[in-house]
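Every heavy atom of this structure was used, including side-chain atoms; hydrogens, water molecules and symmetry mates were not. Naming: A, B, ... by sequence-line order, numbering from 1 per chain.
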2 protein chains.
Amino acid sequence: MTTRDSKDSDLQRSLTLLWAGRRRGQRGPRSRLSVELIAQAAVRVADADGLEAVSMQRVAAELGYSTMSLYNHVPSKDLLLEVAADVGAGAPPDLDEAADFRAAVRQWVAALWAGFHQRPWILRVPLDHAPVGPHQLAWLDRLLRPLLAAGLPGAEARAAALHLTAVVRGTAQISTSMSGEHKRDNGFPRTDTDLAHVVTELLDPAEYPALTAIHAAELADPGQPDGDALPFELGFGVDRFLDGVEGWVAAKSRR
Amino acid sequence: MTTRDSKDSDLQRSLTLLWAGRRRGQRGPRSRLSVELIAQAAVRVADADGLEAVSMQRVAAELGYSTMSLYNHVPSKDLLLEVAADVGAGAPPDLDEAADFRAAVRQWVAALWAGFHQRPWILRVPLDHAPVGPHQLAWLDRLLRPLLAAGLPGAEARAAALHLTAVVRGTAQISTSMSGEHKRDNGFPRTDTDLAHVVTELLDPAEYPALTAIHAAELADPGQPDGDALPFELGFGVDRFLDGVEGWVAAKSRR
DNA sequence: ACGTTTCTATGTATGGTGTACGTAGTTTCG
DNA sequence: CGAAACTACGTACACCATACATAGAAACGT
């Protein structure tokens with residue numbers, strides 16, 4: 001309808017790329033390469049050496065092809081990264097349907113959290129438009145189910161899902177950046193545990209009263225993100241949010 | 001103490017850069033350039049043409065200096081971007097102290113949200129370690145105050161602040177990327193409003209039941225983020241979270 | 001006042017990047 | 001068996017961050 005002809009072509013290209021809308025060429029030889037193969041190679045490189053290491057040349061070398069061959073299947077590096085991020089995300093977990101919606105949501109959050117820690121580079125892929133990858137949408141769909149089942153109307157479920165996605169994404173961004181997980185070449189990751197000390201020595205207590213007040217209660221254990229366990233830094237907020245949602249639907253049904 | 005000597009030098013450099021720990025050289029000529037001037041120029045470039053346009057050459061040109069001159073004041077582009085992001089964030093607003101903590105927090109959220117929409121490029125600056133910039137810490141401090149005043153103990157206040165920061169950051173990332181605000185050269189921004197349609201036409205309802213169910217309730221008005229008004233997509237989640245926090249402290253004080 | 005020291009700003013150079021373009025070769029269709 | 005069409009490749013270009021050496025000017029000690 002009102003689709004703008006000039007510039008949404010890149011979205012269209014993203015879509016056809018992500019959803020494998022490959023044209024069936026007739027005449028020429030069939031390519032042994034494919035978007036999937038290229039994306040998987042990119043994922044492999046990113047896993048090994050971080051997102052910065054992902055260059056067209058490196059990916060091509062990984063596959064044993066020349067650099068420019070990739071451009072027969074992928075229009076640009078940006079698009080490739082987008083596909084790689086979706087591939088790297090993988091399929092969402094199947095949530096426990098029997099469980100109450102809190103448990104299900106926590107399960108989802110834990111899985112996404114674990115995923116971001118396993119592939120921190122996904123968080124460094126610049127977002128260029130709304131999520132339209134099959135895997136990304138699958139994750140979203142899986143989260144929406146328990147929210148809808150809990151009694152939230154569509155728009156609110158959408159907002160709640162956005163909230164949770166944003167929380168995990170944002171928290172993981174901060175968390176992984178602090179622990180230096182985003183660069184794998186670094187050898188071992190370095191945790192900025194003692195950062196608090198360094199900073200609080202510089203801070204003027206008059207200007208940053210709350211921070212200096214907090215200073216004592218610093219840094220509980222990081223905790224292991226295995227299973228459904230969430231680290232306190234993430235779990236507290238999620239639990240408070242779920243409290244709020246619970247109260248909201250309860251109040252609504254009571255009325 | 002246990003500071004690792006090999007690799008936290010970059011953190012140290014970040015700190016001295018961000019906190020203007022300039023050594024007072026004696027002999028040579030005083031430089032007319034400074035970290036602040038360079039960072040401001042970078043901000044100007046990013047405001048005008050987006051983060052991708054920020055190159056050392058461009059920033060130097062903006063100042064009328066040669067490219068390599070910048071390296072006398074800034075050790076690397078990464079560090080420069082970090083400083084520019086902090087400078088671009090600016091000082092946090094003074095929150096209404098008289099107001100209840102909900103109003104204060106909403107005020108803070110609205111301000112940060114507005115800031116991210118004004119300078120979307122800040123969200124594209126890669127995070128390399130914990131936030132240590134003066135402005136970033138000032139924002140954090142301002143948020144912690146109402147949370148502490150509401151009765152949260154230190155660790156929980158910290159977690160809540162992280163939650164809120166992550167929410168605004170993550171939501172803004174998705175939101176600005178959807179509307180294409182991150183690239184200013186583009187001419188006018190393009191909203192992916194009709195994205196939902198495009199996608200839902202491709203989706204297999206069997207695999208994405210929740211998404212197709214939602215499909216009807218799509219896209220309320222974006223709303224204007226002026227003053228304390230939050231768009232629904234952000235406000236709903238924040239309000240539910242605040243509900244939860246409120247209930248939490250109430251339950252705790254009752255016990 | 002002067003020489004010496006020391007820092008600034010610059011120019012050059014290197015290895016990397018994404019990708020536009022032309023071309024050779026090969027596979028499949030008519 | 002042509003002929004059409006597509007793949008993979010090599011070359012080339014503009015741009016990037018930054019290592020290094022150099023020239024020059026400013027401020028200090030005398």
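- In this structure, A:Glu52 places its CD atom 21 Å from P of C:dG15, rounding to the nearest Å.
- Between the C1' atom of C:dT17 and the CG atom of A:Leu70 lies a distance of 14 Å, rounded to the nearest Å.
- Atom CZ of B:Arg32 is separated from atom P of C:dT10 by 12 Å (rounded to the nearest Å).
- Remark: P of C:dT6 and CG of B:Asn72 are 17 Å apart, rounded to the nearest angstrom.
- From A:Trp113, atom CH2 reaches atom CG of A:Leu234 across 5.0 Å, with rounding to the nearest 0.5 Å.
- The OH-P distance, from B:Tyr65 to C:dG11, rounds to 13 Å in whole Å.
- Counting to the nearest Å, the P atom of C:dT8 and the CG atom of B:Leu63 are 16 Å from each other.
- The interatomic distance linking B:Arg30 (CZ) with D:dC28 (P) rounds to 6 Å, in whole Å.
- Evaluated for a side-chain contact (heavy atoms from CB on, under 4.5 Å) with B:His73, the options B:Leu37, B:Ile38, B:Leu80 yield exactly one hit, B:Ile38.
- Remark: P of D:dC16 and CG of B:Leu51 are 13 Å apart, rounded to the nearest angstrom.
- Nearest heavy atoms, A:Val83 versus A:Ala39: CG1-CB, 3.8 Å.
- In this structure, the separation between OG on B:Ser66 and CE on B:Met56 is 10.5 Å, given to the nearest 0.5 Å.
- Every residue meeting the side-chain contact (heavy atoms from CB on, under 4.5 Å) condition with A:Ala210, not counting sequence neighbours, appears here in chain and number order: B:Asp141, B:Leu144, B:Arg145, B:Leu148.
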All N/O contacts under 3.5 Å from nucleotides 17-19 of chain D to the protein, with atom names and distances to one decimal?
unit_1 : atom_1 : unit_2  : atom_2 : d
D:dA17 : OP1    : B:Met56 : N      : 3.4
D:dA17 : OP1    : B:Lys77 : NZ     : 3.0
D:dA17 : OP2    : B:Met56 : N      : 3.0
D:dT18 : OP2    : B:Tyr71 : OH     : 2.7
D:dT18 : OP2    : B:Lys77 : N      : 2.9
D:dT18 : O5'    : B:Tyr71 : OH     : 3.4

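- Regarding contacts with the backbone of D:dA8, a side-chain N or O of A:His73 is found under 4.0 angstrom from either OP1 or OP2.
- Neither OP1 nor OP2 of D:dA8 sits under 4.0 Å from any side-chain N or O of A:Ser69.
- Between A:Trp108 and A:Trp139, the angle of the ring planes goes over 60°, which puts this pair in the perpendicular group of the 30/60° scheme.
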